[in-house]
Amino acid sequence: MAAELVEAMNMVKNFRVSDLQTLLASMGRSKSGLKQDLVGRALRLVQTECSPELLKNVRQLYESRFPKASGWLAARRPEGVSVAYSSLSSSPTGTQGTDYLNGIPKLSSTPAAEVKLVSLPFYQTLEKLLLPTELIAQNSEKLQDSQCVFELTQSQADQVRNSTELRPGMKAIQVVLRICYTDSIGVQEDQYPPNIAVKVNQSYCHVPGYYPSNKPGVEPRRPCRPVNITPWLQLSTATNRVTVTWGNFGKRYSVAVDLVRVFTSAELFGQLKHCSVESAERCRERIQDKLRFDPESEIATTGLRVSLICPLVKMRIGVPCRVITCAHLQCFDAIFFLQMNEKKPTWTCPVCDKQAPFELLTIDGLASEILKETHEDIEEIEYLTDGSWRPIRDEKEKERERSNTPDYPVLDICVPELNGHSPAHSSTSQTGKSGAGSTAGGAGGGVVVDLTLDSEEEGGGAGGDSDDTEDSQDSPAPKRGRYDYDKDLVTAY
């Protein structure tokens with residue numbers, strides 16, 4: 001019974017918060033508080049009420065989390081622990097290396113459970129060089145160093161050496177280091193531990209840094225992606241040593257080394273266009289299903305407006321793409337979406353912020369036809385109940401068509417025929433005689449004044465002909481206006 005008690009307490013220490021809450025609730029205990037409070041409460045519960053029902057609940061919870069664990073976790077039993085119950089009540093100070101709870105010795109280092117890493121769209125795993133291995137803390141320090149070694153075969157080394165370069169210094173075939181949480185339930189995403197540093201063969205390699213945040217009060221986010229360790233490897237059959245420096249703050253991490261092939265966004269787009277295109281007929285059926293009349297609904301939808309502008313870059317969509325599991329019909333540009341995830345992998349739908357993995361992306365065939373048929377000025381369309389569509393023109397263009405303001409012709413005041421006057425005679429503008437004494441016979445009886453003449457010429461013209469004919473002949477020609485041509489007479493009212 002004492003041995004089963006020790007093993008049950010070891011199981012409790014591996015529980016999640018949800019498992020601890022389930023166990024405490026089943027025994028009528030409080031399930032509120034932090035994880036360390038829940039662990040202490042569950043351990044005291046196991047010690048004080050070691051009943052068959054409690055041990056059965058602990059075993060069921062543990063087997064639900066670790067389905068492949070058989071028996072009562074005999075492999076995790078600490079060495080040197082006596083089966084006598086009196087050893088549990090020994091003083092913590094009497095045993096070196098004891099735990100902070102009830103003087104129970106710390107568990108020995110054990111291999112991590114089977115961990116499965118999530119597959120990444122830009123990485124195709126060719127071979128596994130090192131299976132997921134847990135990072136084991138060697139002491140109680142917060143900063144730990146863990147080492148792992150692996151070797152390349154000659155064919156693997158030649159494959160890396162002879163691969164093409166995606167860009168200078170980056171090969172298409174790489175050896176990458178992946179780090180994740182140690183958890184055997186489900187697949188694990190890449191997750192860096194705090195204060196991470198990676199050293200390959202005594203040389204530090206580059207680890208992706210933090211992305212700056214534009215939002216105030218939001219901490220910068222670090223992209224957790226595979227670490228390329230290819231440039232620092234010995235491309236031979238020699239042993240490669242990887243040292244991971246990490247912060248030990250209570251969470252368990254595992255590392256793995258894979259030989260992968262790296263894809264570019266253009267290559268992923270080629271795969272998407274070749275394998276995942278939804279036909280226009282299927283898209284029309286989807287629209288009809290959305291707009292089908294529901295007699296139980298009080299609101300009848302007669303149309304759905306969809307923008308032809310990509311929500312990512314605010315430009316006209318080139319290749320319309322969306323996620324199959326999303327409820328909306330709005331598309332985004334596939335090329336820009338893949339390029340952005342190549343630099344900063346988020347795989348989130350820009351329309352509804354739901355998860356948008358590469359496997360669920362599809363190209364909208366109907367939207368592709370609409371983009372080809374519409375002019376670039378059309379930025380929005382509306383889907384109708386029968387699966388058809390119509391363009392939505394800009395509001396400014398509609399207002400321009402609604403207004404009935406007539407278009408008035410532009411009047412050029414320098415052209416006398418358009419103003420309703422006859423052009424001035426050259427003799428009149430030169431002598432100025434008729435300009436001063438004549439009155440206009442036009443509309444309103446206005447006085448016609450030649451504005452091109454100076455005041456002296458107007459005064460001389462009012463007195464009639466000059467008596468001295470010879471002087472007038474020898475005198476210079478009268479001054480003309482600022483223009484080389486005769487100006488029209490303007491009516492003064």
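Computed from a prediction, not measured in an experiment: that's the story for all the values here.
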E151 and T239: CA distance, side-chain angles, deciding distance, side chain to side chain donor-acceptor pair (under 3.5 Å) verdict: CA-CA 5 Å; E151 296 177 358; T239 301; 2.8 Å; yes

Ionic contact status for E285 with K290, cut-off 4.0 Å: no

Donor-acceptor contact present, side-chain N201 to main-chain R241, <3.5 Å: yes

Test side chain to side chain donor-acceptor pair (under 3.5 Å) applied to Q144 and N139, step by step: CA-CA 8 Å; Q144 299 287 330; N139 48 48; 2.8 Å; yes

S254 versus T182, closest heavy-atom pair with distance: OG-OG1, 2.6 Å

Closest non-hydrogen atom pair between F337 and T348, with its separation: CE1-O, 3.4 Å

Under 3.5 Å donor-acceptor, E359 side chain and A356 backbone: no

Shortest non-hydrogen contact between L135 and V244, atoms and distance: CD1-CG1, 4.3 Å

R292 bridged to D289 by N-O distance under 4.0 Å: yes

T133 side chain to L131 backbone, donor-acceptor under 3.5 Å: yes

W347 and F358 aromatic ring geometry - parallel, tilted or perpendicular at 30°/60° bounds: perpendicular

Backbone of Q330 reached by a side-chain donor or acceptor of R322 within 3.5 Å: no

Main-chain N/O of T153 paired with Q156 side-chain donor or acceptor, under 3.5 Å: yes

E376 with R316: basic N within carboxylate O range, under 4.0 Å: no

Distance in Å, E342 CD paired with S265 OG, rounded so as to fall on 0.5 Å steps: 4.0 Å

Audit row: D145, T245, side chain to side chain donor-acceptor pair (under 3.5 Å) steps and yes/no: CA-CA 5 Å; D145 288 336; T245 302; 2.7 Å; yes

Polar side-chain atom of T385 near backbone of L291 as donor-acceptor pair, under 3.5 Å: no

S307 (side chain) donor-acceptor with I309 (main chain) under 3.5 angstrom: yes

Closest non-hydrogen atom pair between V160 and K171, with its separation: O-CD, 3.2 Å

L272 backbone acceptor or donor facing S276 side chain under 3.5 Å: no

Residue pair Y192 / C224: nearest heavy atoms and the distance that separates them: N-SG, 3.5 Å

Test log, rule side-chain contact (heavy atoms from CB on, under 4.5 Å), inputs L177 and V198: CA-CA 9 Å; L177 176 73; V198 179; 3.8 Å; yes

D19/Y62 under side-chain contact (heavy atoms from CB on, under 4.5 Å): CA gap, chis, key distance, verdict: CA-CA 8 Å; D19 300 332; Y62 185 83; over 6 Å; no

Q288 side chain vs D386 backbone, donor-acceptor pair below 3.5 Å: yes

Note, D258 side chain near L129 side chain (heavy atom, < 4.5 Å): no

Reported CD-to-CG distance for the pair Q191 and L117, which is rounded to 0.5 angstrom: 12.0 Å

Pair R284-E369, salt bridge (charged side-chain N to carboxylate O under 4.0 Å, His left out): steps then yes or no: CA-CA 12 Å; R284 290 189 181 92; E369 294 180 359; 3.6 Å; yes

Chi angles and distances behind the side-chain contact (heavy atoms from CB on, under 4.5 Å) call for C331, V306: CA-CA 8 Å; C331 296; V306 173; 6.0 Å; no

Test item: S388 side-chain N/O and L384 main-chain N/O as donor-acceptor pair under 3.5 Å: no

Heavy-atom pair of closest approach, residues C352 and C326: SG-SG, 3.5 Å

Presence of salt bridge, E267 and R261, under 4.0 angstrom: yes

F263 side chain near Y123 side chain, heavy-atom distance below 4.5 Å: no

D190 and R225 ion-paired at < 4.0 Å: no

Residue pair K251 / Y181, side-chain heavy-atom distance below 4.5 Å: yes

